[in-house]
Amino acid sequence: MASANAVLDEAQVNTLIDNAGEAAGAALRSLLSQSTVGLAIWDTHLRCIWVNNTMARYDGIPRHKRLGRRPREALVSDPAGLEAVVRQVLVTQNCDTGREYRVPTAEGDRVFSASFLRLNDDEGQPLGVCMLLLGLGDERWTGDRLAVVSAAGARIGTTLDVMRTAQELADFTVPSFADYVTVDLTEAVRLAEEPLDRLGLSEGRVPTFRRAGMASTRDGAPESLWSTGEVVYVPKTSPFMQVLSTGRPLLDPLLDPSQEKWLDNDPARAAKISDFGMHSLLILPIHARGVLLGVAVFVRADNPKPFDERDQLLAEELVARAALSLDNARRYSRERTTALALQRSLLPSRVHGGTVMEVAARYLPADAEYSVGGDWFDVIALPGGRLALVVGDVVGHGINAAATMGRLRTAMRTLADLDLPPGELLTRLDRTFIRSIEDDNGGVEQPGVPAQPRGATCVYAVYDPADSTCTVALAGHPPPALVHANGEVTFPDLPHGPPLGVGMLPYESVKVELPPDSLIALYSDGLVEDRHQSIDIGMERVREALAQPVSSLEEMCEAVINTLPTTSSADDVTLLLARGLAPHS
């Protein structure tokens, strides 16, 4: 016997179904889990205690985010108004039908009809309220196509990452356009290499494709035979190969596995099509600037309406938008890989301080989203047992910045052979840099030709073991940090000087004490600057890290690098530590 305040929970719902008998119980379970009717149940305290999968597919609210919530927290359309409806039905027992339920999507509202009825126990006492949601025809594309494509532009291609872009295409089109979507890219695209032209069947080979993105109305995309990142099998006699070889879309509005002979050699895919009721198929090649990037597959299963020519036209526009983003990301990744390889080939693989200093260095390239910068570091042996320590940073990113860095490093080593004081060396390096810029473009910017970076910063320090001093000059660069033997860390007040490439003033040198067991830390601004924090906060962070006792310079390098606020830096990070060694007796 249930009281007027009875609360129906999920376990009781299951019990009711189990007690209904085998045939009726099976029918009820089908209604709750497989029906095209969205269904949710609220108890007498207006807490959601049951929701079927269809409800989540219709309005996009996952089951776990609806259970235990009131209607105002668990519905997307007029939640306050519908909560009042639920409460009214619970009190009066009068059904409320035909309520409009709108689900916003990128391409326009999808409209449903919501009905509410009270559930009673054997004595007529309320157990809760059931909500039923029915679709009102094909309202998925109520907005015009231009608006849909415009919305896609804001949600697809938000980063320069090919895998993420592929996933964004899949996410954007499920569930509003398709029930299941996959995006497979050629291995060349994933590796930022040159992709293929349209594939010819006469070549007798199939390129390697990897699953780059997938989305489904079902949790975990159980329709997929492959996980993201895995190699995808492409049968030679399949519609996928037909699309790849012709470069034209394929629309199969009424997919019938029994009539698809190519599935005879692909039983695993045939089983998925049958198990999930896939009945309509649309396959589009992904190509941009005349080359093949991959293939996008759209499938309808729960949605009874087959794809038509109008759907194909819209899908082509969405895929074309995504293809440009994918190709831009591929080209950007290729340039970053080239720039990184160039920069690493120009930087020393190891630094040596000989018998004069113990040295250690770290270089971290900028995150892939920002491309490689122009940082460099060097340790140069000088006459008289002295040692030059260098850290520099070329303005800009990419191949040009890396190439300019290489030229500056070479020029600095040449000037270092002249055994010049640090200030004079930077003055000559500044003039050399300006001449190289003028020689490259004849003093005139050339349209369509990327300009050489016009600025760089640098710190040049010469350590003399004879008197345990460092003579330092700065060209628009952050000052080095001095870690004294007692653990105190200071940033000496040095003349900053203008960046290289400005040609304004000569550079000054300042001598600082660096006795044995103390050390000097040279770094690029990527270590201390962050777009969300001031440089003072970054320098204090580095100061605290350098003040910590460690057993080696390598360990100290790690400790300083680990203080970075993010692993995705917008700029290169360079750190060079050097500690004077006590002379041997």
Side-chain angles (χ1 to χ4, degrees), residues 8-10 13-14 16-17 27-120 126-143 173-180 215-219 276-277 300-305:
L8 190 66
D9 61 23
E10 187 170 352
V13 172
N14 287 322
L16 290 174
I17 294 174
L28 287 172
R29 288 193 184 279
S30 176
L31 172 65
L32 294 173
S33 62
Q34 300 178 21
S35 171
T36 57
V37 177
L39 190 150
I41 299 175
W42 280 269
D43 65 12
T44 55
H45 299 305
L46 302 189
R47 296 175 303 191
C48 182
I49 52 89
W50 186 276
V51 61
N52 68 351
N53 297 334
T54 305
M55 189 75 176
R57 289 201 300 271
Y58 281 167
D59 65 9
I61 298 179
R63 186 171 184 269
H64 70 276
K65 290 187 176 181
R66 198 177 329 248
L67 290 176
R69 307 285 180 87
R70 299 170 65 92
R72 67 173 62 244
E73 300 170 330
L75 298 172
V76 298
S77 177
D78 188 23
L82 292 184
E83 179 168 314
V85 171
V86 172
R87 183 180 293 106
Q88 184 70 13
V89 170
L90 187 65
V91 172
T92 66
Q93 196 172 336
N94 296 326
C95 295
D96 192 304
T97 62
R99 291 270 177 175
E100 187 179 84
Y101 189 83
R102 288 185 170 271
V103 178
T105 68
E107 59 280 351
D109 289 351
R110 190 177 182 186
V111 184
F112 298 85
S113 174
S115 297
F116 301 84
L117 65 144
R118 195 173 88 170
L119 303 176
N120 296 331
L127 293 173
V129 174
C130 178
M131 173 183 177
L132 297 96
L133 203 62
L134 298 171
L136 293 179
D138 186 15
E139 299 289 343
R140 290 161 299 123
W141 307 110
T142 54
T173 50
V174 171
S176 56
F177 181 71
D179 299 311
Y180 171 55
S216 170
T217 56
R218 296 176 172 82
D219 292 340
F276 291 99
R300 284 182 181 166
D302 298 324
N303 184 351
K305 185 178 183 299

Looking at every non-hydrogen atom in both residues, tell me the closest pair between N94 and V89 and how far apart they are. O-CG2, 3.3 Å

Using the side chain to side chain contact (heavy atoms under 4.5 Å, CB included) rule, take L117 and V129 through it: C-alpha gap first, then chi angles, then the decisive distance, then the call. CA-CA 6 Å; L117 65 144; V129 174; over 6 Å; no

Basic-acidic side-chain contact under 4.0 Å: R218, D302: yes

Please round to the nearest 0.5 Å and tell me the distance separating atom CZ of R63 and atom CG of N52. 9.0 Å

In terms of heavy-atom contacts, T217 and P175 come closest through CG2-CB, 3.6 Å

For the student: nearest non-hydrogen atoms of C130 and L132, plus distance: SG-CD1, 4.0 Å

With side chains defined as the heavy atoms from C-beta onward, is the minimum distance between F116 and V86 less than 4.5 Å? yes

Give a yes or no on whether the backbone of R69 and the side-chain of W42 come within a donor-acceptor separation of less than 3.5 Å. yes

Determine yes or no for a side-chain-to-main-chain donor-acceptor pair under 3.5 angstrom, with D179 supplying the side chain and A301 the backbone. yes

Could you tell me which non-hydrogen atom of A114 sits nearest to which non-hydrogen atom of L133, and how far apart they are? CB-CD1, 3.7 Å

Yes or no on side chain to side chain contact (heavy atoms under 4.5 Å, CB included) for L46 and E83, after CA distance, side-chain angles and deciding distance? CA-CA 8 Å; L46 302 189; E83 179 168 314; 4.2 Å; yes

The criterion is side chain to side chain contact (heavy atoms under 4.5 Å, CB included); which residues satisfy it with A56, sequence neighbours excluded? none

If we only count heavy atoms from C-beta on, is the V51 to L67 side-chain gap below 4.5 Å? yes

Which heavy atom in A80 sits nearest to a heavy atom in R72, and how many Å separate them? CB-NH1, 4.0 Å

Side-chain contact, heavy-atom cut-off 4.5 Å: P126 with R118? yes

Considering all heavy atoms of both residues, which atom of P71 and which atom of P79 are nearest to each other, and what is their separation? O-CB, 3.8 Å

What distance do R66 atom CZ and E73 atom CD have between them, rounded to the nearest 0.5 Å? 12.0 Å

Run the numbers on L39 and I41 for side chain to side chain contact (heavy atoms under 4.5 Å, CB included), then give the verdict. CA-CA 7 Å; L39 190 150; I41 299 175; 3.9 Å; yes

Value for CE (M55) from CG (L75), rounded to nearest 0.5 Å, stands at 5.5 Å

Kindly indicate whether the side chain of R87, heavy atoms from C-beta on, has any atom under 4.5 Å from the side chain of R70. yes

Give the ring-plane orientation class for F112 versus Y101, where under 30° counts as parallel, over 60° as perpendicular and anything between as tilted. perpendicular

Could you check if a side-chain atom of N120 sits within less than 4.5 angstrom of a side-chain atom of Q93, using non-hydrogen atoms only? yes

Atom CG of L90 and atom CG of L119: how far apart are they, to the nearest 0.5 Å? 9.5 Å

